[in-house]
Number of protein chains: 2
Amino acid sequence: MRVVGLGPGPARWLTPEAAEALDAATDLVGYGPYVDRVPARPDLIRHASDNRVEIDRARHALELAAAGRSVAVVSGGDPGVFAMAAALFEAVEAGPAVWRSLDIEVHPGISAMQAAAARLGAPLGHDFCAISLSDNLKPWDLVLRRLTAAAAGDFVIALYNPASKARPDRIFQAFDHLRTLKDPATPVAFARAVGRPDERIRIAALGSADPGLADMATLVMIGSSETRLIDRPGRDPWIYTPRQAGGAR
Amino acid sequence: MRVVGLGPGPARWLTPEAAEALDAATDLVGYGPYVDRVPARPDLIRHASDNRVEIDRARHALELAAAGRSVAVVSGGDPGVFAMAAALFEAVEAGPAVWRSLDIEVHPGISAMQAAAARLGAPLGHDFCAISLSDNLKPWDLVLRRLTAAAAGDFVIALYNPASKARPDRIFQAFDHLRTLKDPATPVAFARAVGRPDERIRIAALGSADPGLADMATLVMIGSSETRLIDRPGRDPWIYTPRQAGGAR
């Protein structure tokens, strides 16, 4: 079976390997909107589910694969980054021994932070970290501990899942915390749905940014102390983090 | 002009967008081995350079673009991650004002940590950071500070540029430092040249791993306290980091 990264949305970011895996599948398993991205074929069975049952979805995919089906588990972005691959291996570890003999191939994809970075300039040009603000699978204290560590290490920070309908306040709390630790002039970007028709980019400074600009389709990028803006005529500035750091110029 | 990510090597990981950008270019600029990956065309001019002159290469590319050429700056992996995009924007910021009016598109690619993660299982399934051990552009103290922060935050750690001919000892020093901060049983993987003919994967524990397994083509992955191995018959174990953390099960 294969775990396939669809990238952020547009076909121009779907790797040939992922496209080939989709073509070879007899069964697609995934969150409905991702399954819907794959064109229909008469011989392709679609198993779409909502986004709250990842582990059930993983088990279902493994059962199908163990029964001899050619299963593609589809995921937005990179399935290895805050996505289905981890859920799948959780299911394998807890499941019947025979699942450990399955061939499981993970096909990487362009993740949201990469699409956002490409659109913004080069904010991930130096050391960075990626943190999911979703707290239904980890305590909020651990998120705060990681934000503290990210500031202590002066990493560029890519925030995934910054807000949800159930927890719209998490991104506000994260900004409140980071404002106690980082320079208010630090560049921040809200990169929403990059590459899709509803793309929207907003650039601000940490001290005055409105965290309400982030929704579940937004990747929030927060600079290091070295991250810089380059003004340009009539357009948003570029944001980049130099390869040099710590005075080694 | 376009800054194009070639991915880790094989064509199956080159996005259609990147392939199209290569087809449309009149001039290729980049480090020799990356330029060599692009098939020759009679009308394609190749400007290959060695790997120590990124900023000169960036300036040369900008001069060509300002003169009206269709330039593709090529980079392995993702140009936004420890690669050419940051060098290019450094050159723009320091260069003539007219360079700020150029259209510069960055085309993301699969980065080494993603290829490594896909091959290993799902080690990047939860919060992680990426650190380059190259110290010709930053003081070693900053690397140690970031390793300390990464351990304090219990991030999975992806180490880029773990060793060079000039500085083969840096990865040994990094492991010595991490061994004072993290459990010796922490899973570690040395993922060399993933997807290329000379691919080699080695899995170990932090306390007993041989850092000498890392060379410049190696991505070193170091687990968080939650990262787990799944044994399987006759093959390397899978490595994954569960979506849950901090006891939120």
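Basis for what follows: all heavy atoms, side chains included, without hydrogens, waters or symmetry-related copies. Computed from a predicted structure; not experimentally measured. Below, read A as the first sequence line, B as the second, and so on, with proteins coming before strands; counting in each chain starts at 1.
- B:L102 touches chain A through its backbone: at least one of N, CA, C or O sits under 4.5 Å from a heavy atom, while the side chain does not.
- Heavy-atom pairs under 4.5 Å with chain B were tallied for A:C129, A:A85, A:A83; the largest tally goes to A:C129.
- Comparing B:E20, B:R100, B:R232 by how many heavy-atom pairs each has under 4.5 Å with chain A, the most go to B:R100.
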Between A:L219 and A:V194, is the side chain to side chain contact (heavy atoms under 4.5 Å, CB included) condition met? List the steps. CA-CA 9 Å; A:L219 188 289; A:V194 173; over 6 Å; no

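- Interface residue B:F128: backbone and side-chain heavy atoms are both found under 4.5 Å from chain A.
- In this structure, A:A191 and A:A116 approach most closely via the heavy-atom pair CB-CB, 3.6 Å.
- The two residues A:A61 and A:M1 come nearest to each other via the heavy atoms CB-CE, 3.6 Å.
- Ring orientation note: the planes of B:H126 and A:F82 are nearly perpendicular, at an angle over 60° on the 30°/60° scale.
- For a residue to count as touching a neighbouring chain, one of its non-hydrogen atoms must lie under 4.5 Å from one of that chain's; by this rule B:D141 does not touch chain A.
- Rounding to the nearest 0.5 Å places OG of A:S75 at 7.5 Å from CD of A:E54.
- With a threshold of 4.5 angstrom between heavy atoms, B:T241 approaches chain A through N, CA, C or O but not through any side-chain atom.
- For chain A, the option among B:L120, B:D154, B:V3, B:D78 with the highest count of heavy-atom pairs below 4.5 Å is B:D154.
- For a residue to count as touching a neighbouring chain, one of its non-hydrogen atoms must lie under 4.5 Å from one of that chain's; by this rule B:A97 does not touch chain A.
- For B:S111, the parts sitting under 4.5 Å from any heavy atom of chain A are the backbone and the side chain alike.
- When the candidates B:G7, B:A122, B:A19, B:P123 are compared by the number of heavy-atom contacts under 4.5 Å with chain A, B:A122 comes out ahead.
- Only the side chain of B:W238 comes within less than 4.5 Å of a heavy atom of chain A; its backbone N, CA, C and O stay farther away.
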Show, in sequence, the C-alpha distance, side-chain angles and deciding distance for A:R146 and A:V143, and conclude whether the side chain to side chain contact (heavy atoms under 4.5 Å, CB included) test is met. CA-CA 5 Å; A:R146 288 189 169 147; A:V143 176; 5.9 Å; no

Tell me, with the steps shown, if A:H60 and A:R57 meet side chain to side chain contact (heavy atoms under 4.5 Å, CB included). CA-CA 5 Å; A:H60 183 49; A:R57 195 190 298 155; 5.7 Å; no

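- Both the backbone and the side chain of B:A87 have a heavy atom closer than 4.5 Å to some heavy atom of chain A.
- In terms of heavy atoms, B:A18 sits closest to B:G5 at CB-O, 3.6 Å.
- Considering every non-hydrogen atom in both A:K182 and A:G223, the closest pair reads NZ-O, 2.8 Å.
- Looking at A:F89, the atoms closer than 4.5 Å to chain B (heavy atoms on both sides) sit in the backbone and in the side chain alike.
- The most heavy-atom pairs under 4.5 Å with chain A, out of B:S101, B:S134, B:S132, B:A158, come from B:S132.
- Counting all heavy atoms, side chain and backbone alike, B:H177 lies closest to B:L144 at NE2-O, 3.5 Å.
- When B:T15, B:V81, B:D127, B:V106 are compared by the number of non-hydrogen pairs under 4.5 Å with chain A, B:D127 comes out ahead.
- Atom OG in A:S164 sits 11.5 Å away from atom CD1 in A:I171 (nearest 0.5 Å).
- Heavy-atom distances place no part of B:R119 under 4.5 Å from chain A, backbone and side chain included.
- The candidate with the highest count of non-hydrogen atom pairs below 4.5 Å against chain B, out of A:L147, A:I104, A:T148, is A:I104.
- Interface residue A:A130: backbone and side-chain heavy atoms are both found under 4.5 Å from chain B.
- To the nearest 0.5 Å, the span separating CG on A:L6 from NE2 on A:H107 amounts to 11.5 Å.
- When heavy atoms are compared at a cutoff of 4.5 Å, B:L14 approaches chain A solely by way of its backbone atoms N, CA, C and O.
- In this structure, chain A has a heavy atom under 4.5 Å from the side chain of B:M113, while its backbone stays farther away.
- Atom CG of A:L62 sits about 4.5 Å away from atom CG of A:L88, to the nearest 0.5 Å.
- At a 4.5 Å heavy-atom cutoff, B:L159 makes no contact with chain A through either its backbone or its side chain.
- The residue among B:E90, B:Q114, B:R145, B:M84 with the most heavy atom pairs within less than 4.5 Å of chain A is B:E90.
- Of the listed residues A:A149, A:A150, A:P108, the one with more heavy-atom pairs under 4.5 angstrom with chain B than any other is A:P108.
- Atom CG of A:D236 and atom CD1 of A:I201 lie 7.5 Å apart (nearest 0.5 Å).
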Side chain to side chain contact (heavy atoms under 4.5 Å, CB included) between A:V220 and A:L133, worked out: CA-CA 10 Å; A:V220 180; A:L133 288 193; over 6 Å; no

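- In this structure, chain A has a heavy atom under 4.5 Å from the backbone of B:A151, while its side chain stays farther away.
- Ranking A:I110, A:V92, A:L142, A:V156 against chain B, the residue ahead of the rest is A:I110, based on heavy-atom pairs under 4.5 Å.
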